[in-house]
Chemist: 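Quick one: the structure is below, questions incoming.
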Protein chains: 2
Amino acid sequence: MAERFERIQASPAYQLVADAIEREILSGRIQPGERIGTEAALVEQFGVNRSTVREGIRLLEQSGLIRRDSSRRLYASLPRYAKLASRISRALLLHEVTFRELYETTMALEVASVRLAAERITPPQLQAIADNLARTEAALDDPRILSELDTEFHALIAEAAGNRVLQLAREPTSLLIYPTTQVIFEGSPRGPSRLLEAHSRLHAALAARDRQAAGVWMERHVVDWRKGFERAGKDLDTPVERVYMDHVMVGGSRL
Amino acid sequence: MAERFERIQASPAYQLVADAIEREILSGRIQPGERIGTEAALVEQFGVNRSTVREGIRLLEQSGLIRRDSSRRLYASLPRYAKLASRISRALLLHEVTFRELYETTMALEVASVRLAAERITPPQLQAIADNLARTEAALDDPRILSELDTEFHALIAEAAGNRVLQLAREPTSLLIYPTTQVIFEGSPRGPSRLLEAHSRLHAALAARDRQAAGVWMERHVVDWRKGFERAGKDLDTPVERVYMDHVMVGGSRL
DNA sequence: CGGCTTCGTATTGTCGGACAAACAGACGGT
DNA sequence: ACCGTCTGTTTGTCCGACAATACGAAGCCG
């Protein structure tokens with residue numbers, strides 16, 4: 001039988017409420033920062049019960065388009081990158097992506113980031129990276145701190161690249177892959193010093209605005225991660241494990 | 001004044017309900033596909049009112065962790081890539097990212113994708129790309145169809161790369177950037193044939209499993225997009241316009 | 001005996017109303 | 001100008017109710 005009718009979808013009222021409000025925001029008729037009407041007002045506008053309005057609001061609340069300030073009042077809002085990235089990380093985790101997939105993606109994104117950063121980095125950003133480097137040098141014997149500094153280092157570079165799309169694209173992968181350095185370093189005496197050297201070289205390349213060198217060193221650095229990962233007895237083709245995912249947030253607090 | 005106390009956050013009950021369920025899913029205690037208890041059961045377990053439970057469920061529903069099948073019953077679910085990508089696109093749109101940011105990111109991700117695809121593409125995937133190519137050739141005078149085929153072409157390559165992380169990373173950017181080809185081609189007589197040539201070359205490189213050639217041609221292809229964009233009188237540093245965003249979905253239907 | 005229909009029950013979607021807590025803004029006192 | 005108080009508003013939570021729909025079991029017919 002031919003497809004005579006297109007599929008009819010009877011969405012519940014709360015969904016329609018959410019869609020209507022979302023449309024207002026996406027189309028720009030409600031500016032970010034502007035207040036959404038009170039529940040009572042929405043009840044009147046939509047002609048539905050307050051419970052229904054509230055359920056619709058909950059749908060949007062999670063998507064980041066709506067935010068509550070201290071007073072619990074609702075404002076239209078720009079979705080926060082950190083929240084989005086965390087959400088994507090969780091999705092990748094649930095889909096059981098492999099470390100190989102993370103590795104390949106990280107390679108592409110980090111190299112692209114550092115090459116752009118070499119062109120655009122500002123003195124304060126360079127200074128921030130130097131600070132990170134100093135702290136890294138002081139924490140060579142603490143894998144936990146080292147792993148956090150490593151994450152920060154790459155985030156700083158991404159920021160210096162001056163590209164928010166690239167920044168958002170790399171963040172979820174970064175959240176999943178960098179925590180593993182902690183485990184890698186716990187059984188690798190030479191690992192920390194190799195990390196420090198790579199970071200130093202990257203900093204130098206950035207300071208010299210040497211796009212080419214920055215890219216090459218980043219590539220080596222990421223390859224080094226893979227080698228360390230394999231040396232730690234892990235297989236690239238195993239799915240990301242939940243164990244590492246301390247930092248994946250749920251409702252503002254750690255999982 | 002020093003930060004003496006850490007910020008105290010009193011989350012509403014519906015938020016706690018949502019967090020609790022989310023934790024169950026993320027930790028694996030509830031498997032994807034498994035049913036979430038009925039509202040009545042959750043009311044009993046959490047000791048809160050049904051309205052509260054429902055609001056909590058709405059929070060999760062939007063995040064894709066929970067899905068309703070035809071019967072409206074709730075199942076734990078893996079977040080859909082398409083939905084996530086669409087959501088990210090919308091966020092980028094609201095943040096008014098520039099075409100330059102999209103361009104740079106696309107360059108990195110598409111080149112990486114095609115290089116991997118050259119190694120891993122399977123005969124059926126190659127065939128799908130050949131089909132796309134044939135349809136492209138038949139639609140050279142219709143910018144609208146051409147733009148859709150272009151989007152599909154690159155999605156096929158990303159799929160052939162066999163990397164879900166990379167695939168998800170490029171999807172949001174792709175959703176924003178490829179629709180512009182329609183506008184570009186409307187004033188560019190030679191554009192469509194250039195697109196076809198690039199796609200043909202890419203297909204040939206993939207068929208030959210030539211990683212290097214595939215990367216080079218993709219790079220040229222993306223640069224070509226930029227040139228066309230500028231030739232159409234547009235500035236790379238302008239924010240993405242909502243006008244192009246027909247395909248950004250809200251609640252299952254187009255915006 | 002198997003397939004189909006029918007009917008009762010379970011579950012969700014929506015509604016109405018109610019109340020406590022927290023907040024914003026106005027008011028008045030010092 | 002600063003401080004505390006008061007009041008109306010807004011949100012969070014609860015209770016109860018009912019219609020629509022889906023599911024599952026019982027019954028019917030071939």
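In what follows, chains carry the letters A, B, and so on, assigned in the order in which the sequence lines appear, proteins first and then strands, with residues in each chain numbered from 1.
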Chemist: Is any side-chain nitrogen or oxygen of N49(A) closer than 4.0 Å to OP1 or OP2 of dG16(C)?
Modeler: yes
Chemist: Hey, which sits more toward the 5' end of DNA chain C by its nearest nucleotide, A40(B) or V48(A)?
Modeler: A40(B)
Chemist: Heavy atoms from C-beta onward define the side chain here; which of dC14(D), dT14(C), dG13(C) lies closest to that of T52(B)?
Modeler: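 Nearest to the side-chain atoms of T52(B), counting from C-beta on, is dC14(D).
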Chemist: Checking all strands, does R58(B) fall into the base, sugar-phosphate, or nothing category for heavy-atom contacts under 4.0 angstrom?
Modeler: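 R58(B): backbone/sugar contact only, no base atoms under 4.0 Å.
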Chemist: Between the base of dG13(C) and the side chain of R50(B), is there a donor-acceptor distance below 3.5 Å?
Modeler: yes
Chemist: Taking all atoms of both residues into account, what is the closest heavy-atom pair of E152(B) and N132(B), and its distance?
Modeler: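 Closest approach of E152(B) to N132(B), heavy atoms only: OE2-ND2, 3.2 Å.
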Chemist: dT11(D) C1' sits how many Å from I36(A) CD1, rounded?
Modeler: 15 Å
Chemist: Between dT13(D) atom C1' and F46(B) atom CZ, what is the distance in whole Å?
Modeler: 16 Å
Chemist: I would like to know whether R58(B) and E55(B) meet salt bridge (charged side-chain N to carboxylate O under 4.0 Å, His left out); could you show each step before the answer?
Modeler: CA-CA 5 Å; R58(B) 293 307 156 247; E55(B) 290 190 31; over 6 Å; no
Chemist: Would you indicate what S51(B) reaches in the nucleic acid, counting non-hydrogen atoms under 4.0 angstrom: base, sugar-phosphate, or nothing?
Modeler: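 If one applies the 4.0 Å heavy-atom cut-off, S51(B) turns out to touch a base.
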Chemist: dT12(C), dT11(D), dG13(C): which one has an atom nearest the side-chain heavy atoms of T38(B)?
Modeler: dT12(C)
Chemist: If the plane angle is over 60° it's perpendicular, under 30° parallel, otherwise tilted; pick one for F99(A) and W225(A).
Modeler: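 If you compare the ring of F99(A) with that of W225(A), the planes turn out tilted.
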Chemist: Measuring only between side-chain heavy atoms, which start at C-beta, is L166(A) closer than 4.5 Å to E104(B)?
Modeler: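 The answer is no, as the side chains (C-beta and beyond) never meet within the 4.5 Å cut-off.
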Chemist: Starting at CZ of R68(B) and ending at P of dC23(D), how long is that distance when rounded to a whole Å?
Modeler: 14 Å
Chemist: With no hydrogens and no angle check, do the side chains of N163(B) and Q167(B) hold a donor and an acceptor under 3.5 Å apart?
Modeler: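 No, no side-chain donor-acceptor pair sits under 3.5 Å.
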Chemist: Measure the distance from CD1 on I57(B) to P on dT14(C) and round it to the nearest whole Å.
Modeler: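 From I57(B) CD1 to dT14(C) P: 14 Å.
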Chemist: dC15(D) C1' sits how many Å from R54(B) CZ, rounded?
Modeler: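 Between C1' of dC15(D) and CZ of R54(B): 15 Å.
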Chemist: Under 4.0 angstrom, heavy atoms only, what part of the nucleic acid is R73(A) near: base, sugar-phosphate, or nothing?
Modeler: sugar-phosphate
Chemist: Provide, to the nearest angstrom, the distance between the CG atom belonging to L59(A) and the P atom belonging to dG13(C).
Modeler: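 To the nearest whole Å, that distance equals 11 Å.
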Chemist: Measure from CD on E39(A) to C1' on dC23(C) and round the result to the nearest Å.
Modeler: 14 Å
Chemist: Would you say dG12(D) has OP1 or OP2 under 4.0 Å from some side-chain N or O of Y14(B)?
Modeler: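 Yes, such a contact exists.
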Chemist: Without decimals, in angstroms, what is the distance between L74(B) CG and dA10(C) C1'?
Modeler: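 Atom CG in L74(B) sits about 14 Å away from atom C1' in dA10(C).
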